[in-house]
Amino acid sequence: MTEFKPQQLDKKWQAAWSAAKAFEVDVDPSREKFYCLEMFAYPSGHAHVGHVRNYIIGDVMARMKRMRGFNVLHPFGWDAFGMPAENAAIKTGTHPEQSTLANIAHMKGQLQRLGISYAWGREIATCLPDYYKFNQWIFLKMFERGLAYRRRSAVNWCPKDETVLANEQVVDGACWRCGTTVVQRDLEQWFFKITAYAEELLRGLDTLEKWPEKVVVMQRNWIGRSEGARIRFPVAGPEPGGASPDAIEVFTTRIDTIYGATFVLLAPEHPLVEQFAAASADPAAFRARAAKLRAGDREARLTGTLEKEGFDTGRTAINPFTNEAIPIWVANFVLAEYGTGALMAVPAHDERDFEFAKKYSLPIRVVVAHGDETPSPDAMTMATTNYGRLVNSGPWNGKEAPAVMPELIRDAERRGIGQGEVQYRLKDWGISRQRYWGTPIPMIYCDKDGAVPVPYEQLPVELPKVASFTGRGDSPLAQVPAFVDVKCPRCGGPARRETDTMDTFVDSSWYFLRFADPRNAELPFDPAAAAYWMPVDFYSGGVEHAILHLLYSRFFTRVLRDVGLVNFDEPFTRLLTQGMVLKNGAVMSKSKGNVVDPDDMLQKYGADALRLYVMFVAPPEKEVEWSDAGLEGSFRFLLRVWRIVDHWAETIGGEGIPGCRTEECTESERALRRKTHDTIRRVTVDIEERMHLNTAVSSLMELVNELYSFSESTAHGAPSRGEPPAGRVERPQTIGALREAIDALVVMMSPFAPHMAEELWQMLGHVDGLSKSGWPVFDAAIAKAEEVVVPVQVNGKVRGRITVPPDAGEDRLRELALADPGVKNHTAGKTLVKVVVAKGPLVSVVVK
RNA sequence: GCGAAAGUGGCGGAACUGGCAGACGCGCCGGACUUAGGAUCCGGUGGGGCAACCCGUGAGGGUUCGAAUCCCUCCUUUCGCACCA
């Protein structure tokens, strides 16, 4: 009996893999590639079992695909820029680079101790200049194409610390450090024009067949396409002392209700508000009212409980369909960023407008009827928002919406007062961050030449090593004169560098491409390498990235396609969103003190038990509750595998054991072979297609149970039953069947428990390691049952079972079913209505 | 409010396309082996009933020879969006 010492096996085999560079790969057009990727990690310091679950899921897939003969790229890297490191620097003075690199080293060790099969030779860290150089390169390409542009935009500003705050640093409207109320401040900032790709990003979603529906829906909602029309409402009356604004443009998706538009609403930020204020009798009072609406209550806005408020501008606009003059109001619930920042209010058929009209006694006109009656506005208690037949709509009366909408739009276009338009909720992506620990934006500002891009040959614009981390000032880099003061690349005159850095989501929007060619110094990656490895075949990570990271990555892929670096649209063919690991019902976090450190588990049970448990406990997408007892159960299963293999290793081990021919086998040998092949089929499909790793493990457990029963029935007995009888020679068929079962078991265990599997494989006398073993091949002929038990239902309840050959015909099944004693008991004295023979097989008898 | 997903033993979960509900594991009970057992091996384990049998997948209805699975209504939970005109 050889003892199972998991910790020693972990060390032994991890060293062997590392020495053999077992997981490093190269482009090889003769082999089919498989790119398996887990979302790279933010180096927070310590990975807990929740993080680690994702890497194990990917590793099971990668190891399995490797054995299936694929050329598997399975890389890892670090999303290494970001605020936590900078915040820590502000508090402790440790430079972000120092803490980040230390964290990476520790976490890398953790992953290696788990035996995750990464191609560490391709490791990347986004905080290193050889990576972020290409963030800048891509930025410049975007700038050239008009996809990177600058405009003023609001940021959170803490007046006491005099610093910009990220949204995460604003807690309940106050600064995370000093508690001062945060104010908004306008700064010039860089944006990526993701909206230029809105339609394409939306349509591409239809091709993502192997993405969770949930994620596709979330992205679709986020992009938020609405079809409608932009209509101009002329502003009535001349300006008392100046030029009159000619019209207010509104966006509507319900042009069918336009005859019911009885007032116009402007967002408080709308430019006309200021114009109206300036022209009003008391501009200061006007502005004060608008400012009050703008301030709003941030909290109430977030929870959707903001009370609707507004005021009359005293001006009117002409509804271009009714030609009536209608009042123009300003309202706090109108969003400046969406549509045109102005809307036509149709209180009868929009709940928000209805609420507003009731509050301020504005006119309500019903223009859509359902059925014969047209409700009176006074009797209405709520808006009717569904489509119907138009009434009070002039020449359009009696027409049905939505069919009439294109006609109305055509009419507006003909009269030159508007046109059909598509709006998206998706907004351009603001990438400027007033932070140190990120990629410098490669732009230079010259008084003469304006915003000038840094020439490609001057990349990377490196982060200066010295910077003070006081947490004060608008941008830390602005305090480093050697960084800021440069010559203009165009005119050579004095100029200033951009001191903002990029949003770290830029880093993660293309890292999967970098892995194809991670040491390229000239380009982000070699297009040929990307053409071979991409797209990612299997991508897994947390659902918290369902929108931003995955949408930005799809955006970047298309930009790089248009730049000519890649030749496909979608970067991730198949996506798995793994569930979180909870402890005591809560997400693991340092602050809650409920973190399970994988290293503690490794010390106790070894890497394989932890890996197996995490895969067995639930399907990968599901949230799970951590359980020490469950881990122990998995450890016991490994012991059980170890014992049974060890028990037989000498008898069946060594190369050159002949296979066994089914026809020479006893019934129990054939049964073992059936189980073996049935397990091969199930485990293969469960890992490769269904990603039901938990049921893959349970199938393996069943095979092990079968091996114990089979052993019990041989002269050898099962493990722990004392010494086997001496001198007994087993039938070659027994040895063959066992060899087949045990070899398959060890190979199929290896994605889950690679260290133990390698050791057992060696113990079984195989000269080459598991990297050469291949994956067991399912043989339908062996798996095919010789006879099947067919349940027989009478009126839907199982009343008997018949045993037949698997190819028994329907007539034979029917005959045997009706002759079964249990069935007879329930059919005697009744009238046979019908007999259904279903595939399955199953016989269903109906009597009355 | 809108949208999506999910409700199965004491627990985690299984049931692939409508076909034997509860695989596999945890826990619990019993047995074997033992100086010993919190190790190991074997067996049992949805509820009720002595039994034949009856009941059972959140609740109620429907379709079907047959429903955890499909349809309708409702309840609960989780997630996403949240005044998007």
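Nothing here was measured: the structure is a model prediction, and the numbers come from that model.
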Which atoms of nucleotides 50-56 of chain B (N or O only) lie under 3.5 Å from a protein N or O atom, and what are those distances?
residue, atom, partner, partner atom, Å
B/C54, OP1, A/Arg799, NH2, 3.2
B/C54, OP2, A/Arg799, NH1, 3.2

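- Judged by atom type and distance alone, A/Lys214 does not reach the base of B/C79 through any side-chain donor-acceptor pair under 3.5 Å.
- Not one side-chain nitrogen or oxygen of A/Arg220 sits closer than 4.0 Å to the OP1 or OP2 atom of B/G80.
- For residues 610-621 of chain A, the salt bridge (Lys or Arg N to Asp or Glu O under 4.0 Å) pairs, not counting sequence neighbours, are A/Asp59-A/Arg611.
- For the pair A/Leu201 and A/Ile194, the tightest heavy-atom approach, listed with the atom from each and the gap, is CD1-CG1, 3.8 Å.
- Atom NZ of A/Lys308 and atom C1' of B/A85 are 12 Å apart (whole Å).
- The phosphate of B/C65 (OP1 or OP2) has a side-chain N or O of A/Lys834 nearer than 4.0 angstrom.
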When Watson-Crick pairs (N1 to N3 and N6-O4 or O6-N4) and G-U wobble pairs (N1-O2 and O6-N3) count only below 3.5 Å on both distances, what is the dot-bracket string of RNA chain B, with | for other-strand pairs?
(((((((..(((......[....)))((((((.......))))))(((....)))..(((((..]....))))))))))))....
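- Qualifying salt bridge (Lys or Arg N to Asp or Glu O under 4.0 Å) partners for A/Glu337, counting only residues two or more places apart in sequence or in other chains: A/Lys427.
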Would you list the protein and nucleotides 15-24 of chain B atom pairs, both N or O, that sit under 3.5 Å from each other?
residue, atom, partner, partner atom, Å
B/A15, OP1, A/Arg690, NH1, 3.4
B/A15, OP1, A/Arg690, NH2, 2.9
B/C16, O4', A/Arg690, NH1, 3.2
B/G19, N2, A/Gln793, OE1, 3.1
B/C20, O2, A/Arg801, NH1, 2.2
B/C20, O2, A/Arg801, NH2, 3.0
B/C20, N3, A/Arg801, NH1, 3.2
B/A23, O2', A/Glu702, OE2, 3.0

Identify all side-chain donor-acceptor contacts of residues 225-232 of chain A below 3.5 Å with residues at least two apart in sequence or on another chain.
residue, atom, partner, partner atom, Å
A/Arg225, NE, A/Glu199, OE1, 2.9
A/Arg225, NH1, A/Glu227, OE2, 2.7
A/Ser226, OG, A/Tyr338, OH, 3.1
A/Arg230, NE, A/Glu421, OE1, 2.7
A/Arg230, NE, A/Glu421, OE2, 3.2
A/Arg230, NH1, A/Glu249, OE1, 2.6
A/Arg230, NH2, A/Glu421, OE2, 3.2
A/Arg232, NH2, A/Gly416, O, 3.4

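- For A/Lys308, the side-chain contact (heavy atoms from CB on, under 4.5 Å) criterion is met by A/Asn332, A/Phe333, A/Arg352, A/Glu355, A/Phe356, not counting sequence neighbours.
- When the side chain to side chain donor-acceptor pair (under 3.5 Å) test is applied to A/Asn319, no partner is found at least two apart in sequence or on another chain.
- Using modelled atom types and a 3.5 Å distance limit, the side chains of A/His349 and A/Thr385 yield no donor-acceptor pair.
- With B/A14, B/C42, B/U40 as the choices, the nucleotide that has an atom nearest any side-chain atom of A/Arg643 turns out to be B/U40.
- Remark: A/Thr577 pairs with A/Pro212, A/Val215, A/Val543, A/Leu575 by the side-chain contact (heavy atoms from CB on, under 4.5 Å) rule, at least two apart or across chains.
- In this structure, the side chain to side chain donor-acceptor pair (under 3.5 Å) partners of A/Ser711, at least two apart in sequence or on a different chain, are A/Trp648.
- Taking atom CZ of A/Phe356 as the reference point, atom P of B/A85 lies 18 Å away to the nearest angstrom.
- Residue A/Arg636 has no polar side-chain atom (N or O) positioned under 4.0 Å from OP1 or OP2 of B/G38.
- With sequence neighbours excluded, the residues satisfying side chain to side chain donor-acceptor pair (under 3.5 Å) with A/Thr684 are A/Trp775.
- Heavy-atom neighbours of A/Lys359 NZ from other residues, nucleotides or ligands within 6.0 Å: above the threshold of 12.
- Two rings, from A/Trp329 and A/Tyr360, have their centers less than 6.0 Å apart.
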Check the interface with nucleotides 6-11 of chain B: list each N/O to N/O pair with the protein under 3.5 Å, or write none.
none

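- For the OP1/OP2 pair of B/C41 and a distance below 4.0 Å, the side-chain nitrogens and oxygens of A/Tyr708 include at least one atom meeting the criterion.
- Remark: A/Arg643 does not engage A/Asp646 in a salt bridge, criterion side-chain N to carboxylate O under 4.0 Å.
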